[in-house]
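For reference, the structure discussed in these notes is given below.
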There are 2 protein chains.
Amino acid sequence: MPDDIDRRLLTLLTANARLPLKELAAQVGLSSPSVSDRLRRLEEQGLIRAFTVEIDPAQLGYTLQAIVRIRPLPGRLHLVQRLIEEIPEITECDKVTGDDCFIARLMLRDISHLDRILDSIADKAETSTAIVKAQPVLRRLPPLA
Amino acid sequence: MPDDIDRRLLTLLTANARLPLKELAAQVGLSSPSVSDRLRRLEEQGLIRAFTVEIDPAQLGYTLQAIVRIRPLPGRLHLVQRLIEEIPEITECDKVTGDDCFIARLMLRDISHLDRILDSIADKAETSTAIVKAQPVLRRLPPLA
DNA sequence: GCATCATGCCGGATGACATCGACCGCCGCC
DNA sequence: GGCGGCGGTCGATGTCATCCGGCATGATGC
């Protein structure tokens, strides 16, 4: 659906969402009204979900991250899912195939913080926790080909 | 480090990174030059890593996502890490404690696409794959308290 | 083959916006 | 009590986004 110019716009905006239209226009060889049109369309059709900001969690006090696999106890699936949605330290969660029903990313202030959160779901689900030691690939775009 | 006003700015920008300074200023009760100053500071100190754009991968043709746990064979850790960084379909990867050394998110065009990518690392690492069925929590901010 | 229409683009005018400089008030410090 | 730095406001200026009218292109229907 998106053509080559759309893809270039997406790439540019991924690197800096606050680039002025004029600059974007110059980079892709169009006028600013045209770029404005395209962005509006991309946003309307949902390809661009939102313009947002990448934050360093460490500087907000979340010096620790964990990836937790969550297996709800029998009959507790929906309860656990609701719980997951309500724990604000879970900043991302996927529902997946396999024994591990959910895979969640936790933002934590310290290791006791982890303990507290896992405790709060321990009676409704089994969990396997992996502490994040490094992030070799930080969120990036898939190929746009 | 960030005060209450900074946190409100972050919240506003997370929802819409292209909000004009004037609007931000009105929302937090400051003038636009002040807001501009604060944003510049937040960006310089790295708390704001980047202004970026949230994209719907499905509309780029990536109708499938998978979470893959990757255990490099003995002696292959660095090789595998380099490989991971070079596979563009891996849009996110954490290095974690435990048997699973890496946890990666893959963007895929179809199920055979998954097979192709896993094949390309099968002789250097063991993998466990979970297909994403739903995303109960889409990337969001942790509490800013 | 031609008229018609929709689409995507441009250029210029207008109004909104960001930026810059000058100035002010508050607070901690000597 | 005077001083300096920090964080703020205000107003002027230049840049920018948006709106509007018009044009070229390609598809559609007669």
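These numbers come from the heavy atoms of this one structure, side chains and all, not from hydrogens, waters or symmetry mates. Chain A is the first sequence line, chain B the second, and so forth, proteins listed ahead of strands; every chain is numbered from 1.
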Inset, instruction - Report the nucleotide, chosen from D/dG7, D/dT9, C/dC9, that has the shortest atom-to-atom distance to any side-chain atom of B/Arg38. - result: D/dG7
Inset, instruction - Output the single nucleotide from D/dT18, C/dG8, C/dT19 whose closest atom is nearest the side chain of B/Ser36. - result: C/dT19
Inset, instruction - Measure the distance from CG on A/Leu42 to P on C/dG8 and round it to the nearest whole Å. - result: 12 Å
Legend entry - Atom-pair distance (CG on A/Leu39; C1' on C/dG8), nearest Å: 15 Å
Legend entry - B/Ile70 side chain near B/Ile103 side chain, heavy-atom distance below 4.5 Å: no
Inset, instruction - Taking only the side-chain heavy atoms of B/Leu21 (C-beta and beyond), determine which of C/dT19, D/dG7, D/dT18 contains the nearest atom. - result: C/dT19
Inset, instruction - With the side chain of A/Ser32 defined as its heavy atoms from C-beta on, choose the nearest nucleotide among D/dG7, D/dT18, C/dC10. - result: D/dT18
Legend entry - Nucleotide D/dT15, atom C1' - distance to CD of A/Glu23 in whole Å: 13 Å
Inset, instruction - Begin from the C-alpha positions of B/Ser34 and B/Ser31 and carry the test side-chain hydrogen bond (donor to acceptor under 3.5 Å, both in side chains) through to its verdict. - result: CA-CA 5 Å; B/Ser34 307; B/Ser31 66; 3.0 Å; yes
Legend entry - Interatomic distance where CG belongs to A/Asp37 and P belongs to C/dG11 [whole Å]: 15 Å
Inset, instruction - Go through C/dG8, D/dG7, D/dT9 for me and flag the one nearest to the B/Ser34 side chain. - result: D/dT9
Legend entry - Shortest side-chain distance from A/Pro33, nucleotide among C/dC20, D/dC19, D/dG8: D/dC19
Legend entry - Atom-pair distance (CG on B/Leu30; C1' on C/dC24), nearest Å: 16 Å
Legend entry - Whole angstrom value for the distance that separates P of D/dC6 from CG of B/Asp3: 16 Å
Legend entry - Passing candidate, side-chain hydrogen bond (donor to acceptor under 3.5 Å, both in side chains) with B/Gln65, options B/Glu89, B/Arg105, B/Lys133: B/Arg105
Legend entry - Nearest-neighbour nucleotide for the A/Pro20 side chain, C/dA18, D/dT9, D/dA17 considered: D/dA17
Inset, instruction - Remember a base hit wins even if backbone is also touched, and classify A/Arg40 as base, sugar-phosphate or nothing at under 4.0 Å, heavy atoms. - result: nothing
Inset, instruction - Measure the distance from NZ on B/Lys22 to C1' on D/dG11 and round it to the nearest whole Å. - result: 14 Å
Legend entry - Side chain A/Thr11, main chain A/Arg7, donor-acceptor under 3.5 Å: yes
Legend entry - Rounded distance (Å) that lies between atom P of C/dA18 and atom CG of B/Leu19: 10 Å
Inset, instruction - Verify, without hydrogens or angle tests, whether A/Arg76 (side chain) and A/Asp123 (backbone) share a donor-acceptor contact under 3.5 angstrom. - result: yes
